[in-house]
Asker: 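A single structure is presented below for examination.
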Amino acid sequence: TDTNTDTSSGSGGLRTPIVAVLGHVDHGKTSLLDTIRGSAVTQGESGAITQHIGATAVPLDVISDIAGGLVDPDDFDLPGLLFIDTPGHHSFSTLRSRGGALADIAILVIDVKDGFQPQTIEALDILKRTQTPFVVAANKIDTIPGWNTQEDGPIQASLDAQSDRTRERLDERLYSLIGELSDNDISSDMYWQVRDFQHNAGLVPLSALTGEGIPDLLTVLMGLSQRYMKEEMEIDTTGPGSGTVLEVTEERGFGTTLDVVLYDGTIRTDDTIVVGATNRTIETDVRALLQPRVLSEIRTEKQFERTDELSAAAGVKIAAPDLDDAIAGAPVRVVRDQTLDSVTDEVEAELAEIAVETDENG
Ligand code: GDP
């Protein structure tokens, strides 16, 4: 046929890289995510960021707005970044995708005045083990004595605004971080000095509180993804969906539902899916795909909006019968062109892998 209406034949596309935030407790993971969401809301055109279930999508044009002159949208063809909303390495290590970490890229947050702490080292070990590329957010620079804040600006503007003494204090902290990273077998440098991001981690000095350095962080994440991950982001956008369960939750009117990050393909209502559960797999049919309701003036009791179809990368709540035994971290697969048996085998194999990992971690 001449007309290309057969979506099952598939079509190529680039998906959004999935970003996770890790680091020691109180070093600012939650604040950083809040600030990124906040600046995306104020600086972007209204409605430009989309709140997903369990994740926040920041499209390229919004990143470019926030980053000011640092990001030219014409230099990129990846659609933006999808931030997983639950920070921390516990969620990072339970969230896996076929053969690796669910997150494509990570932000390791370190408080500049606190330096390396036990969970910093744990997070680093996980990033090394999963070979996840990462950027170091050297957070809380505004706590350096004498700091002169340049709200929401690029780091260069902040550095230019400091006295020599304050610059020295910051540099001391940053070089001590580089030393600690080196003690942990990571070679790193200020991000603007890094040529080869595959072998060197870039440090981005920033403040989640004042927003300075956030433009740089988004620029580095976007640049890293574009440069080193583009091939992995090439997916068959209309192929059968693959995802990972973030959470299993009860929802009034829907029963047990799954919060899922979709990292490949498409999911539609009425799709048959196979989901990993404790010691078994669940085969069920999607009853509804739910997304957070976009805020409107009309007050409504409804928290969710239904959608018929979603493509990766996205966060979505799946309502379907028989989900009670599903577990966080388990795979979700849409059955479309393959047989149910082969999809079930795949899910079982991945579940076995998760079990092995869990044992190894004690
Ligand atoms: P998490 O445990 O890593 O998620 O850390 P939080 O985001 O909850 O931050 C812990 C505390 O540090 C909170 O009181 C934040 O307000 C504060 N904080 C986070 N980022 C900054 C920062 O850049 N500057 C300052 N001064 N405080 C910060």
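When reading the values below, keep in mind they use all heavy atoms of this one structure, side chains included, and skip hydrogens, waters and symmetry mates. Read the numbers this way: they start at 1 and go in the same order the structure lists the ligands and their atoms.
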Asker: For atom 5 (O) of ligand 1, which protein heavy atom lies nearest, and how many Å away is it?
Answerer: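 Here the closest protein heavy atom is G28 N, 3.1 Å.
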
Asker: Does the protein place a non-hydrogen atom closer than 4.0 angstrom to atom 14 (O) of ligand 1?
Answerer: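 For atom 14 (O) of ligand 1 the answer is no, since every protein heavy atom stays at 4.0 Å or beyond.
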
Asker: In the protein, which heavy atom is nearest to atom 2 (O) of ligand 1, and how far is it?
Answerer: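 I find the closest protein heavy atom is D26 N, 2.7 Å.
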
Asker: Report, as yes or no, whether the 6.0 Å neighbourhood of atom CG on D164 holds more than 12 heavy atoms from other residues, nucleotides or ligands.
Answerer: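 No, CG of D164 has 12 or fewer neighbouring heavy atoms, counting only those of other groups under 6.0 Å.
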
Asker: To which protein heavy atom is atom 26 (N) of ligand 1 closest, and what is the distance rounded to 0.1 Å?
Answerer: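 I find the closest protein heavy atom is D142 OD2, 2.8 Å.
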
Asker: As an exercise, identify every atom of ligand 1 less than 4.0 angstrom from a heavy atom of S31.
Answerer: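 By the 4.0 Å cutoff, the relevant atoms are 6 (P), 7 (O), 9 (O), 15 (C), 19 (C), 20 (N).
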
Asker: Report yes if some heavy atom in the side chain of K230 is under 4.5 Å from a heavy atom in the side chain of D77; otherwise report no.
Answerer: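 Yes; the side chains approach each other to less than 4.5 Å.
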
Asker: From atom 12 (O) of ligand 1, work out which of Q119, E212, K140, H27 has a heavy atom at the shortest distance.
Answerer: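 Checking each option, the heavy atom nearest atom 12 (O) of ligand 1 is found in K140.
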
Asker: Charged N to carboxylate O below 4.0 Å: is that the case for D264 and R333?
Answerer: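 No, no charged N to carboxylate O under 4.0 Å.
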
Asker: Going by distance only, is there an N or O of V25 that falls short of 3.5 Å from an N or O of ligand 1?
Answerer: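 For ligand 1, there is no N or O atom that lies under 3.5 Å from one belonging to V25.
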
Asker: Check D308 with R268, please: is the shortest side-chain N to carboxylate O separation under 4.0 Å?
Answerer: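 Result for this pair is no, no salt bridge flagged.
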
Asker: I'd like to check whether T143 has a polar contact with ligand 1, where a contact means an N/O of the residue lying under 3.5 Å from an N/O of the ligand.
Answerer: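 Among all N and O atoms of T143, none is under 3.5 Å from an N or O of ligand 1.
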
Asker: Does the side chain of Q51 come under 3.5 Å of the side chain of D85 through a donor N or O and an acceptor N or O?
Answerer: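 Yes - a donor-acceptor pair under 3.5 Å links their side chains.
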
Asker: Which ligand 1 atoms are under 4.0 Å away from a heavy-atom of H24?
Answerer: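 With H24 as reference, the close atoms of ligand 1 come out as 3 (O).
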
Asker: With only distance considered, is A208 within less than 3.5 Å of ligand 1 through an N or O on each side?
Answerer: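 Yes; at least one N/O pair falls below 3.5 Å.
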
Asker: From the options L33, T30, L209, L22, select the one whose nearest heavy atom is closest to atom 8 (O) of ligand 1.
Answerer: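 Going through L33, T30, L209, L22 one by one, T30 has the nearest heavy atom to atom 8 (O) of ligand 1.
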
Asker: Under a 4.0 Å threshold between the charged nitrogen and the carboxylate oxygen, would E168 count as salt-bridged to R165?
Answerer: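 Yes.
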
Asker: For the CD atom on E250, are there more than 12 heavy atoms of other groups (residues, nucleotides or ligands in this structure) within a distance under 6.0 Å?
Answerer: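 More than 12 heavy atoms, drawn from other residues, nucleotides or ligands, come within 6.0 Å of this atom.
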
Asker: Check D270 with R287, please: is the shortest side-chain N to carboxylate O separation under 4.0 Å?
Answerer: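 Looking at R287 and D270, the cut-off is not met.
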
Asker: Could you identify the single nearest non-hydrogen protein atom to atom 20 (N) of ligand 1 and state the distance to 0.1 Å?
Answerer: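 Answer for atom 20 (N) of ligand 1: N139 ND2, 3.2 Å.
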
Asker: Should you measure from each heavy atom of S207, which atoms of ligand 1 turn up under 4.0 Å away?
Answerer: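 Reading through ligand 1 atom by atom, the close ones are 22 (C), 23 (O), 24 (N).
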
Asker: Just checking R306: does its CZ atom have more than 12 heavy atoms from other residues, nucleotides or ligands closer to it than 6.0 angstrom?
Answerer: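 Count not over threshold, so no.
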
